[in-house]
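Report on the structure given below.
Every chain is numbered from 1 and lettered A, B, ... according to where its sequence line falls, protein lines coming before strand lines.
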2 protein chains.
Amino acid sequence: MSVGVSIGVAAKASGVKVPTVRFYEQIGLMPPMVRTDGNRRLYGPADVKRLTFIRHARELGFEIDAIRELLQLQDQPNQSCAVADDIARGRLGEVRRRIASLRALEAELERMVGECSHGRVAECRVIEVLADHCECRFHAHEADGAEADGAEGG
Amino acid sequence: MSVGVSIGVAAKASGVKVPTVRFYEQIGLMPPMVRTDGNRRLYGPADVKRLTFIRHARELGFEIDAIRELLQLQDQPNQSCAVADDIARGRLGEVRRRIASLRALEAELERMVGECSHGRVAECRVIEVLADHCECRFHAHEADGAEADGAEGG
DNA sequence: CCTACATGCTCTAGTCACTAGAGGAGCAAG
DNA sequence: CTTGCTCCTCTAGTGACTAGAGCATGTAGG
């Protein structure tokens, strides 16, 4: 009977890094793990699945709190999934906004790179375009809400 | 003769928030500002333009260090712009990777929302899709390099 | 001139989601 | 028994801000 695997194996299986797995336990996204005699965490298949769930959710752009909600839904499956659906819908809207911004951004960078004649900076549009507001065709920030400002997340 | 404007005015004109303007000075992205008798920062048109430049670059997804390089290029315009071009090119590649990931993500979320029948969580694919690797059609993380893993960045 | 009140200043600490490193313990192979 | 890997806890650092305390300054109205 398999009692469980080590954190390293669970990490590899789920695609989450070892320190991040511990971090998830620390912030309560993963439950406190069963330990061996030697104080090492043991992960069962359900735990690995949960980690995989978290990784996917993160890759899909869900924030930790949203994932927490989803996990709570999963832990008590007799609730309506309206909440989960709402979260997914909200995420979908944000993803679409981000794609739109990035497309404008892509066009801008293409233009910048295309127009750069590899001469001196004085004639290089890479600088000019970013310095001069009126030349910038990327105005997503004016259309976007506050939420989408960090294409980077910060 | 206009000696300059206050930080609030410069912030409004450039679209950068006041604390962020001070932060940029603190990390050396903006030079130490001239002060009034009452120790308040004074911003000239060139400073506002620089702030605008920084904001645009940030919105385009440039990291602070990349912006620092670009600003150094701008400060000494007799250099080749090959470096700036490289930065823009690298950014363009990353933007395209991000767009690809987000498109896959969009499709996944559309499917998730579309298949959710608003019943109980047990039948809700929003949970299942994220928990079960083999059902997930979003495998951008396997194709992407290490750089793109954080669709979110930091 | 006096009073509000907005705006400015510095400094510290908090945010998010990790990531890195110190310093030590456990464990399997040779 | 030693080597070398993985694991443990704990603290501190990252990036790019953001928030708040506590005080100074500037301005408009009365």
For salt bridge (charged side-chain N to carboxylate O under 4.0 Å, His left out), just list the numbers for A:R68 and A:D65, CA-CA rounded to whole Å, side-chain angles, deciding distance to a tenth of an Å, and then say yes or no.
CA-CA 5 Å; A:R68 215 184 285 272; A:D65 280 349; 3.6 Å; yes
For A:T36 and for B:R41, locate the closest nucleotide of DNA chain C by heavy-atom distance; then report the residue assigned to the nucleotide nearer the 5' terminus.
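Mapping each residue to its closest nucleotide by heavy atoms, the 5'-most match is B:R41.
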By nearest-nucleotide position on DNA chain C, the 5'-leaning member of A:R40 and B:R40 is B:R40
With a cut-off of less than 4.0 Å, is there a side-chain N or O of A:K17 near OP1 or OP2 of C:dT19?
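A:K17 to C:dT19 OP1/OP2: side-chain N or O found under 4.0 Å.
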Nearest heavy atoms of [X] and [Y], plus distance in Å:
X     : Y     : result
B:D47 : B:L42 : OD2-O, 4.1 Å
A:S14 : A:L51 : CB-CB, 3.5 Å
B:A13 : B:V48 : CB-CG1, 3.8 Å
A:P31 : A:R50 : CD-NE, 4.0 Å
A:R58 : A:E63 : NH1-CA, 4.0 Å

Separation of atom [atom1] in [X] from atom [atom2] in [N], rounded to whole Å:
X     : N      : atom1 : atom2 : result
A:K12 : D:dC7  : NZ    : C1'   : 15 Å
B:L42 : D:dG26 : CG    : P     : 11 Å
A:E63 : C:dC18 : CD    : C1'   : 14 Å
B:I67 : D:dC17 : CD1   : C1'   : 13 Å
B:I7  : C:dT7  : CD1   : C1'   : 11 Å
A:Y43 : D:dC7  : OH    : C1'   : 11 Å

Which residue, B:I64 or B:D37, contacts DNA chain D at a nucleotide closer to its 5' end, judged by nearest heavy atom?
B:I64
Start at the 5' end of DNA chain D and walk down; is the nucleotide closest to B:N39 or to A:V9 reached first?
A:V9
By nearest atom, which of the nucleotides D:dA16, C:dC9, D:dT9 is closest to the B:R35 side chain?
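The closest nucleotide is C:dC9.
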Minimum side-chain heavy-atom gap B:F53-B:L71 below 4.5 Å:
yes
Does B:S6 reach a base, just sugar-phosphate, or nothing at all? Heavy atoms under 4.0 Å.
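Here B:S6 touches the backbone only, sparing every base.
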Hey, can you pull the residues of residues 19-30 of chain B with a non-hydrogen atom under 4.0 angstrom from DNA chain C?
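Output list: B:R22.
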